[in-house]
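Notes to accompany the following structure.
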Amino acid sequence: MTFTPKRLTLALLGAGCIALAGCGGSDSSTTTGSTSTGGTTTTGGTTTIPTTPSSVVLSGTAATGAALADADLKIYDATGAVVCEVKTGSDGAYTCDLGTSPKPPFVLVATLDDTRLVSVAPDANTGTVNITPLTNLIASTLASNGNPEQLVDDIKSTPASVDAAKVKASVDRVMTALKPLLDALGTQGDPITTAFKADGTGQDRLLDLVQVSVRPDGTGANNEVTVKAAPSASDSDPIRISFKSSDTVIAPLPTGSVSAESLGNDNVAVLVSDMLKRMTACYAVPLADRVTNGSATGSMPKSPACTSLFLNNDPASFLSNGATVSPTSAFSGMFKSGSPGVVFDRGAFEFKRVNGDYVFSYRWTAADGSTDNENMVARKVDDSFKLIGNQYKYNATVRPYAQMRDLVNTPAFSSINTGYNIWIANRTVGGNAVFSKVLVTTPKGNVVTYRPTSGLSYLVIEKQPAQGGNPAVLASTSVLRLAGRYIDPTTPGLPKDKETAIVFSDPATATDDIIRTIPDQSVWKLEFFHADGVTPNVVQTYRTNSRAMTLAEVAATTFVDLTAPARAAVIEGSSALGAFPFDAPDAASPNWVDIGTSGTAFWRVPSGALAPTSISVFGKPPTGASPRFSDTVNVSTNARGAIIKCSRQSISDTHCDTPVGVGQMGQYAVGWKVDALELWARSSRQVEISKLVGFYKLQQ
């Protein structure tokens, strides 16, 4: 990895006992008055004929509502040994033969990307053992530290931690707390041992209508079950239970809180699965037959396989956060060639909107292996879903946000933080900002002001309003942090006092206990004020899939990291100035940020970490600390390097050089400095996971 005057280049240069007759302890049957040879033993006229004990066979379904297809399933016995390792089928089903002398209890772990579910079997009996979010929740209550996967070690030292009595007590405790929901569904049965199919009926319908969160924090787990009933209003609180994994009593859902009417009769799992199959089929149509004019401006879907995805079979009816169907907006991949096309899967019903529309999450995977997780809004028409979007005019999202700030030049101040990223696009017309401000009302009723600033593609938090003729004091971030702490426990103070560019809520010292009280499905209201002073205000509300993590939960999270050579190179190149400055640009050596594209990988993805799907750089002007700039590029999850180019955000933004030729497009202007970069990913629960690598220095 080098740094040259003409270009910011952060690119690296550079034998068990099998036969029962020989093992002892086999069962046998006896007969009298017969003599035999070839494996029998005759003693005093009695012949003993060895018999083969029956194998213990476990089978069941791994599902989250949708089938957990092609998941890696391992079954551990009381010694911690893996006694079965299989892949689940397309329907989530599995079968495991544990042999004739297995050692119970057993822990089952199913893994599919960032989804890991655990179940238990206390005895060596053939039968059904399902693996679902509910069994994972039950496993959490049995684990010594609340982490379901800890049970593999727990049973090695204390097999009785997963005995039949403890498992039954845990199942009864959870199901009693959910009784109003079970009564409304007319569903009964042990979630571990009741056989079902991932078809949206019976036990699977129960899985479709609950959102289960198990969040280990090192000493226990913070557990939550949210009922996906239709809300009474756009800002109504969700119906839920929450408890610690160690709680011996779980406060139940209130009696009468759930009705059959609020749950509806739709088989949502089938509707979501069908929609994703149809979306995949659309993208598989040859480009010439799929859209009218490729990626050219004005091109629209024309294949019935694509137009039928949308309400009234009309792509023009779709609107989501200001995005319409076009080559440069929503469903832009539909207008690109590629074989075999994009695959859509891992669908899950998330919640219902007050107007009856459904919000579901899904994963998309492109032909190059790049992938990401998204939310989508659909409307049920007759017996199928039609895509409609949230019908919001402006581009904004609200998502939980967990970050590690890795300050390579002042590592004592490296920290973690948690909060929400209220990302609002800095919309411009003719280079001028459309919004004067956006007021964000939090689930607790607090109001935070966001404003546009030159150089940034998103609105930032107003730290102090304009006073006495002085302009407002703006942060450089869209993330409203709830709490943060240094990774090094010997570093005194809090990040909020040292890093004043980032913003913490009031109170800034929100405890983990306070954060736990925030529902997964919390509601945020955004009110848009227009700079022209004439256009009426617009209000958009957002319901999250998950709450923000506690700091203990963030500390237990595995983050992407720099490779060792990359870390050494960025420290060497930035230690003097705390940044990488750009020299005068030219076409031969353009001023781009180039990390890891001409040598060794720039970042690595440890086991359990999410691979980044976008890379951003942040920086400042030649002199002073503002205005800040940011630029972002999307990357494949398989990538380990990227090139980031400069992009102007407004007419007053000067961090890009004025191009005079094709070779100079996207170059950074002389003297501007990059002082941080971010490796960003989004989980299947729509939680943003950020690893910020800071080159800047904080005073000791």
Side-chain angles (χ1 to χ4, degrees), residues 65-66 180-181 184-187 199-201 204-211 226-240 253 256-279 307-325 330-331 344 347-362 374-394 396-398 443 519-526 538-546 686:
L181 171 62
L185 285 173
T187 300
D199 59 3
T201 64
D204 194 53
R205 178 162 164 75
L206 170 61
L207 295 176
D208 277 328
L209 293 174
V210 293
Q211 176 175 290
T226 302
V227 180
K228 301 175 185 178
S232 58
S234 60
D235 59 351
S236 61
D237 289 332
I239 303 166
R240 67 184 183 120
L253 293 169
S257 59
V258 185
S259 67
E261 291 74 21
S262 67
L263 298 174
N265 298 316
D266 293 332
N267 190 327
V268 188
V270 171
L271 291 168
V272 172
S273 176
D274 173 67
M275 170 53 71
L276 296 181
K277 290 176 182 177
R278 290 158 51 207
M279 291 168 67
T307 58
S308 63
L309 297 175
F310 301 96
L311 186 66
N312 299 322
N313 299 327
D314 181 9
S317 66
F318 182 88
L319 177 65
S320 183
N321 289 330
T324 58
V325 178
F331 295 94
F344 299 87
F349 166 48
E350 295 296 340
F351 53 85
K352 213 170 184 180
R353 303 182 84 198
V354 71
N355 69 348
D357 289 345
Y358 289 87
V359 177
F360 66 93
S361 59
Y362 63 94
E374 303 276 2
N375 268 8
M376 180 62 68
V377 181
R379 182 168 297 172
K380 183 173 178 284
V381 178
D382 297 327
D383 294 323
S384 64
F385 272 170
K386 296 287 188 177
L387 302 180
I388 186 170
N390 58 23
Q391 293 295 300
Y392 286 160
K393 184 176 182 180
Y394 297 131
T397 56
V398 180
D520 274 342
Q521 293 185 13
S522 61
V523 179
W524 299 68
K525 184 178 78 171
L526 279 60
V538 171
V539 174
Q540 299 178 179
T541 60
Y542 292 86
R543 188 178 293 267
T544 59
N545 290 20
S546 178
Q686 297 293 293

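If you're wondering where the values come from, they're calculated on a predicted model, not measured in any experiment.
The CG atom of Leu181 sits 6.0 Å away from atom CG of Leu263, with the distance rounded to the nearest 0.5 Å. The CG atom of Asn312 sits 11.5 Å away from atom OG1 of Thr307, with the distance rounded to the nearest 0.5 Å. Going from atom NZ of Lys352 over to atom CG of Asp357 covers 9.5 Å, rounded to the nearest 0.5 Å. The CG atom of Leu309 lies 5.5 Å from the CG atom of Leu387; values are rounded to the nearest 0.5 Å. How far CD of Gln686 is from CG of Asp520: 13.0 Å, rounded to the nearest 0.5 Å. A distance of 3.5 Å separates OG1 of Thr541 from OH of Tyr392, quoted to the nearest 0.5 Å.
Other residues, nucleotides and ligands place more than 12 heavy atoms under 6.0 Å from the NZ atom of Lys380. Applying the 6.0 Å contact sphere to CG of Asn355 captures more than 12 heavy atoms from other residues, nucleotides or ligands.
The main-chain N or O of Ser308 is found under 3.5 Å from a side-chain atom of Lys386 such that the two form a donor-acceptor pair. The backbone N or O of Pro443 lies less than 3.5 Å from no partner atom in the side chain of Ser522, so there is not a single donor-acceptor pair. Between the side chain of Lys228 and the backbone N or O of Phe349 there is at least one donor-acceptor pair closer than 3.5 Å. The closest donor-acceptor contact from the side chain of Ser234 to the backbone of Arg353 lies at 3.5 Å or more, if one exists at all. Between the side chain of Tyr394 and the backbone N or O of Gln540, no donor-acceptor pair lies under 3.5 Å.
Within the structure, salt bridge (charged side-chain N to carboxylate O under 4.0 Å, His left out) contacts touching residues 314-324 (residues at least two apart or in different chains) do not occur.
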**Asked** Taking it one step at a time, do Arg543 and Ser236 satisfy side-chain contact (heavy atoms from CB on, under 4.5 Å)?
**Response** CA-CA 10 Å; Arg543 188 178 293 267; Ser236 61; 3.8 Å; yes
**Prompt:** Checking side-chain contact (heavy atoms from CB on, under 4.5 Å) for the pair Thr397/Asn375: CA distance, chi angles, key distance, verdict?
**Reply:** CA-CA 11 Å; Thr397 56; Asn375 268 8; over 6 Å; no
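Take Phe331 and apply the ring pair (Phe, Tyr, Trp, His ring centres under 6.0 Å) test, not counting sequence neighbours, and it matches Phe310, Phe318.
In terms of heavy atoms, Ser259 sits closest to Ala184 at C-CB, 4.0 Å. Between Glu350 and Asn545, the shortest heavy-atom contact is CD-ND2, 3.4 Å. Minimum heavy-atom separation, Gly389 to Ser320: CA-CB, 4.0 Å. Considering every non-hydrogen atom in both Ala229 and Ile239, the closest pair reads CB-CD1, 4.3 Å.
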Can you give the donor-acceptor pairs under 3.5 Å from side chains of residues 264-275 to other protein atoms, not counting sequence neighbours?
{"unit_1": "Asp266", "atom_1": "OD2", "unit_2": "Tyr358", "atom_2": "OH", "d": "2.4"}
{"unit_1": "Asn267", "atom_1": "OD1", "unit_2": "Val270", "atom_2": "N", "d": "3.3"}
{"unit_1": "Asn267", "atom_1": "ND2", "unit_2": "Asp199", "atom_2": "O", "d": "3.0"}
{"unit_1": "Asp274", "atom_1": "OD2", "unit_2": "Arg278", "atom_2": "NH1", "d": "3.2"}

